[in-house]
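Below is one structure, written out as structure tokens; comments come after it.
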Amino acid sequence: MAQNMTRRRVVLVQILALALAAVMPLLSGGVDIQQVRVLAAKFNVTCVVVFGDSSVDPGNNNYIATPFKGNFLPYGKDFFRGHPTGRFSNGRLATDFIAEALGYTNEIRPFLNKRLRPVDILHGVSFASAASGYDELTANLSHVLPVSKQLEYFREYKMRLRQLIGARKAENIIKNAVAVMSMGTNDFLQNYYLEPIRPKQYTLEEYQNYLASCMSDDVKMMHSLGITRLVVVGVPPLGCMPLVKTLMNHETCVEKYNNFSSSFNSKLQFKLEVARTTLGMKIGYVDAYGIFEDAVNNSKKYGFIEASKGCCGTGTIEYGDTCRGMSTCADASKYVFWDAVHPTERMYEIIAGQAIDSLRKQLMT
């Protein structure tokens, strides 16, 4: 019996070692996952809480009355157990990999999940809602959760945490948590360039300034709710999205859209620097623009064979409901985009690697 138990332990250790060996190259990019976990323990990083849009929504939209859902195939076809969860990708999101790298869980749960477990509350959850944005109007147009509602749910999360472990421990967990905020794309694609309201009120540059101010206000509110560590993800080069290229009849990235994406990111970074100084928060920034641009221009470097179209359907126009039931490419890990808007799980792994590096350099020092 003792020999059998010993043999089982050895096998288990071998399995865990193989699993870690498989994960580390995916998140590598120069990032030492073991070192990150040591630093996370040293700086008492307690959990991950997430705010944003479809780039970080693991399924909250499943529980609200909106057409913007991803809880059907082929979304999720490469996720654990091969079923859709509400994530707008073939598998996991960057925040899932971030939480795994920190040693908590391999999938961040949506806060609105009716089966949320105590362990999920302790490890952190996502309040993000696909189709949301910094502009409250963006969320309202799509009937999804604006940042104000996401923060309201965060207050509810804090209450549930206090009920679970007591007020003092709960406040310590929030103080040492890492918050991730990722949005902005929909403010342009689903709002400014689609609806007439904001263009009548703002020029494009004025609207960028407005969004950056909204982001700044969100950061201040997070700080008032106890968050001290934050990672903000910039917008990708919107002109490289297959959908944008199709609508603009371009075979290559649309420079006009990329230019305002880059300009907006600069405004975000300026506001974040002000927040670091005035609020005393530790704030990291993830250059999603640079990561995507490099992946599109140097796809072979990352093992991609297709960077111009998505894996779902024709890869040029399908996303969300128009992707429902569509055939897909043979190997999504060779594609930058899963649909005409959203990245593949492999691309999210690469983004996660950069985010973890930002965590290590900017938040855990």
Side-chain angles (χ1 to χ4, degrees), residues 36-37 39-53 55-64 85-87 92-130 132 144-183 217-233 275 279-284 352 355-356 359 363-364:
V36 170
R37 290 184 179 179
L39 285 171
K42 178 181 177 182
F43 290 95
N44 196 27
V45 177
T46 50
C47 69
V48 181
V49 290
V50 186
F51 306 88
D53 59 15
S55 60
V56 287
D57 178 6
N60 281 309
N61 278 17
N62 297 347
Y63 305 96
I64 61 177
T85 60
R87 289 168 172 81
R92 289 192 284 172
L93 306 177
T95 40
D96 296 314
F97 290 107
I98 292 169
E100 182 176 50
L102 292 172
Y104 299 130
T105 177
N106 55 18
E107 58 176 295
I108 292 279
R109 306 274 180 170
F111 181 68
L112 297 185
N113 188 333
K114 307 302 181 186
R115 297 180 180 178
L116 210 60
R117 306 162 300 177
V119 69
D120 299 322
I121 296 291
L122 291 172
H123 288 156
V125 292
S126 176
F127 308 91
S129 180
S132 193
V144 298
L145 307 178
V147 180
S148 58
K149 187 66 177 179
Q150 294 181 33
L151 289 170
E152 184 180 317
Y153 281 128
F154 178 65
R155 292 186 185 92
E156 184 179 322
Y157 165 79
K158 289 180 66 177
M159 289 176 55
R160 291 174 65 173
L161 194 59
R162 284 196 294 268
Q163 292 169 356
L164 188 64
I165 59 173
R168 183 176 295 180
K169 289 182 179 179
E171 288 304 315
N172 183 65
I173 283 181
I174 298 301
K175 178 183 177 183
N176 291 293
V178 169
V180 178
M181 182 161 61
S182 174
M183 66 187 100
D217 291 340
D218 296 336
V219 172
K220 291 174 185 174
M221 182 58 68
M222 290 178 185
H223 180 258
S224 72
L225 292 171
I227 291 173
T228 63
R229 294 165 171 163
L230 173 66
V231 175
V232 175
V233 183
L279 302 177
M281 292 177 70
K282 289 189 174 182
I283 302 177
I356 293 162
L359 273 171
L363 273 69
M364 291 188 285

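- A heavy-atom distance below 4.5 Å is found between the side chains of R160 and F111.
- Side-chain contact between N106 and R92: present, with at least one pair of heavy atoms (C-beta onward) separated by less than 4.5 Å.
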- Message: Show, in sequence, the C-alpha distance, side-chain angles and deciding distance for I108 and V56, and conclude whether the side-chain contact (heavy atoms from CB on, under 4.5 Å) test is met.
- Response: CA-CA 9 Å; I108 292 279; V56 287; over 6 Å; no

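- Contact record, S132 with P146: OG-CA, 3.7 Å, taken as the closest heavy-atom pair.
- Separating the CG atom in L359 from the CZ atom in R229 is a distance of 9.5 Å, to the nearest 0.5 Å.
- Put simply, the side chain of R109 never gets that close to the backbone of L116: no donor and acceptor are under 3.5 Å apart.
- Relative ring orientation between F127 and F51 is described as parallel, the plane-to-plane angle staying below 30° on a 0-90° scale split at 30° and 60°.
- Within 6.0 Å of CZ in R168 there are 12 or fewer heavy atoms belonging to other residues, nucleotides or ligands.
- Rounding to the nearest 0.5 angstrom, the gap separating the CD1 atom in I121 from the CG atom in L164 is 7.5 Å.
- Between the side chain of H223 and the main chain of L279, a donor-acceptor pair closer than 3.5 Å is present.
- Of the possible polar contacts, one joining the Q150 side chain to the G52 backbone as a donor-acceptor pair under 3.5 Å is found.
- Of all the heavy atoms in A355 and I98, the pair that sits closest is CB-CD1, 3.7 Å.
- In this structure, E100 CD and T105 OG1 are separated by 8.5 Å, a value rounded to the nearest 0.5 Å.
- Checked by atom type and distance alone, the side chain of R87 never pairs as donor or acceptor with a backbone atom of G59 at under 3.5 Å.
- In terms of heavy-atom proximity, L230 sits nearest to M281 at CB-CE, 4.0 Å.
- Distance check, rounded to the nearest 0.5 Å: CE of M159 to CZ of R155 gives 11.5 Å.
- In terms of heavy-atom proximity, G86 sits nearest to N62 at CA-OD1, 3.7 Å.
- S129 and D57 are not linked by any side-chain donor-acceptor pair at a separation below 3.5 angstrom, with hydrogens and angles left out of the test.
- Y63 places none of its side-chain heavy atoms less than 4.5 Å from the side chain of L145.
- Using a 4.5 Å cut-off on side-chain heavy atoms (C-beta onward), M221 and D217 make no contact.
- Between T46 and A177, the shortest heavy-atom distance links the atoms OG1-N, 3.2 Å.
- Taking CE of M181 as the start and CD1 of I227 as the end, the distance is 9.0 Å to the nearest 0.5 Å.
- Between the side chain of S126 and the main chain of P110, no donor-acceptor pair closer than 3.5 Å is present.
- Rounding to the nearest 0.5 angstrom, the gap separating the CD1 atom in I174 from the SG atom in C47 is 5.5 Å.
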- Query: Where do V36 and L102 land on the side-chain contact (heavy atoms from CB on, under 4.5 Å) test, with the steps shown first?
  - Reply: CA-CA 7 Å; V36 170; L102 292 172; 3.9 Å; yes

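- Pairing each heavy atom of N61 with each of A130, the nearest pair is ND2-O, 3.0 Å.
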- Message: Go through it in stages, so that I can follow the logic: the residues are Y104 and V45, the test is side-chain contact (heavy atoms from CB on, under 4.5 Å), and I'd like the CA-CA distance, side-chain angles, deciding distance and then a yes or no.
- Response: CA-CA 10 Å; Y104 299 130; V45 177; 3.5 Å; yes

- Would L161 and L122 count as a side-chain contact (heavy atoms from CB on, under 4.5 Å) if you check the C-alpha gap in whole Å, the side-chain angles of each, and the deciding distance to 0.1 Å? CA-CA 7 Å; L161 194 59; L122 291 172; 4.0 Å; yes

